[in-house]
Q: 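I'd like to ask you about the structure that follows.
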Amino acid sequence: MSTWIAIGVTALGCYVVKLVGLLVPAGALERPLVRRLAALLPVALLAALTAQQTFGDGHALVLDARAAGVAAAAVALVLRAPFLLVVAAAVVVTAGVRAMGG
């Protein structure tokens, strides 16, 4: 399958998903369970992506400098640091651990 066919199929699939979303009745979207899921699902997906990118390497679990960076960011969040400071702490700690050979 060529790259352009894959791009076309993906674009068509995205359009169909968008169209199906527009066809869902408004009453179904106002249910409390749907609203709760819509609020929590992005957070869960982002947490899963972060965990996979931090602790995964192919089919193996790893514990390296990325884990130290995430830990530093978590500490900064607990201390209610501004977002840019949280990111900076994660970057500095990750780079420092990698520079030390960790």
Side-chain angles (χ1 to χ4, degrees):
M1 181 184 319
S2 75
T3 303
W4 286 110
I5 292 174
I7 291 171
V9 169
T10 302
L12 182 64
C14 288
Y15 181 76
V16 169
V17 167
K18 178 76 170 181
L19 184 62
V20 169
L22 291 173
L23 296 176
V24 173
L29 300 175
E30 295 299 323
R31 293 182 181 157
L33 177 64
V34 174
R35 290 179 144 227
R36 203 170 28 230
L37 282 174
L40 296 176
L41 193 59
V43 175
L45 289 173
L46 184 58
L49 178 63
T50 301
Q52 193 273 332
Q53 290 293 316
T54 301
F55 301 111
D57 186 22
H59 292 288
L61 289 174
V62 295
L63 193 60
D64 59 5
R66 296 175 293 182
V70 170
V75 169
L77 283 172
V78 168
L79 296 175
R80 298 200 178 266
F83 180 71
L84 288 177
L85 189 60
V86 171
V87 173
V91 168
V92 168
V93 169
T94 302
V97 170
R98 283 191 177 171
M100 291 187 304

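The structure presented is a predicted model; accordingly, all values stated were derived computationally and were not measured.
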Q: Where is the tightest heavy-atom contact between Ala28 and Val34, given as atom of each residue plus distance?
A: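 Where Ala28 meets Val34 most closely, the heavy atoms are O-CG2, 3.5 Å.
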Q: What distance separates Asp57 CG from Arg66 CZ, expressed to the nearest 0.5 Å?
A: 6.0 Å
Q: What is the minimum heavy-atom distance between Leu85 and Ala81, and which atoms define it?
A: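 Scanning both residues completely, I find the closest heavy atoms to be CD2-CB, 3.8 Å.
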Q: Give the minimum heavy-atom separation between Leu37 and Pro42, together with the two atoms involved.
A: O-CD, 4.4 Å
Q: Within the structure provided, determine whether Arg31 and Arg36 are in side-chain contact (heavy-atom separation under 4.5 Å).
A: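 Side-chain contact under 4.5 Å: no.
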Q: When you look at Phe55 and Val62, which way does the side chain to side chain contact (heavy atoms under 4.5 Å, CB included) test go after all the steps?
A: CA-CA 5 Å; Phe55 301 111; Val62 295; 5.6 Å; no
Q: Kindly compute the distance separating CG (Leu12) from CG (Leu19), expressed to the nearest 0.5 Å.
A: 10.5 Å
Q: Measuring from Leu61:CG to Gln52:CD, what's the distance to the nearest 0.5 Å?
A: 10.0 Å
Q: What pair of heavy atoms forms the shortest contact from Val93 to Gly69, and how long is it?
A: CG1-N, 4.1 Å
Q: Show the nearest heavy-atom pair for residues Ala72 and Ala89, with the distance to one decimal.
A: CB-O, 4.0 Å
Q: At what distance, to the nearest 0.5 angstrom, does OG1 of Thr54 lie from CG of Asp64?
A: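 One finds 8.5 Å between OG1 of Thr54 and CG of Asp64.
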Q: Is Val70 reachable from Leu49 through a run of I, L, V, M, F, W or Y residues, each pair having side-chain heavy atoms under 4.5 Å apart?
A: no
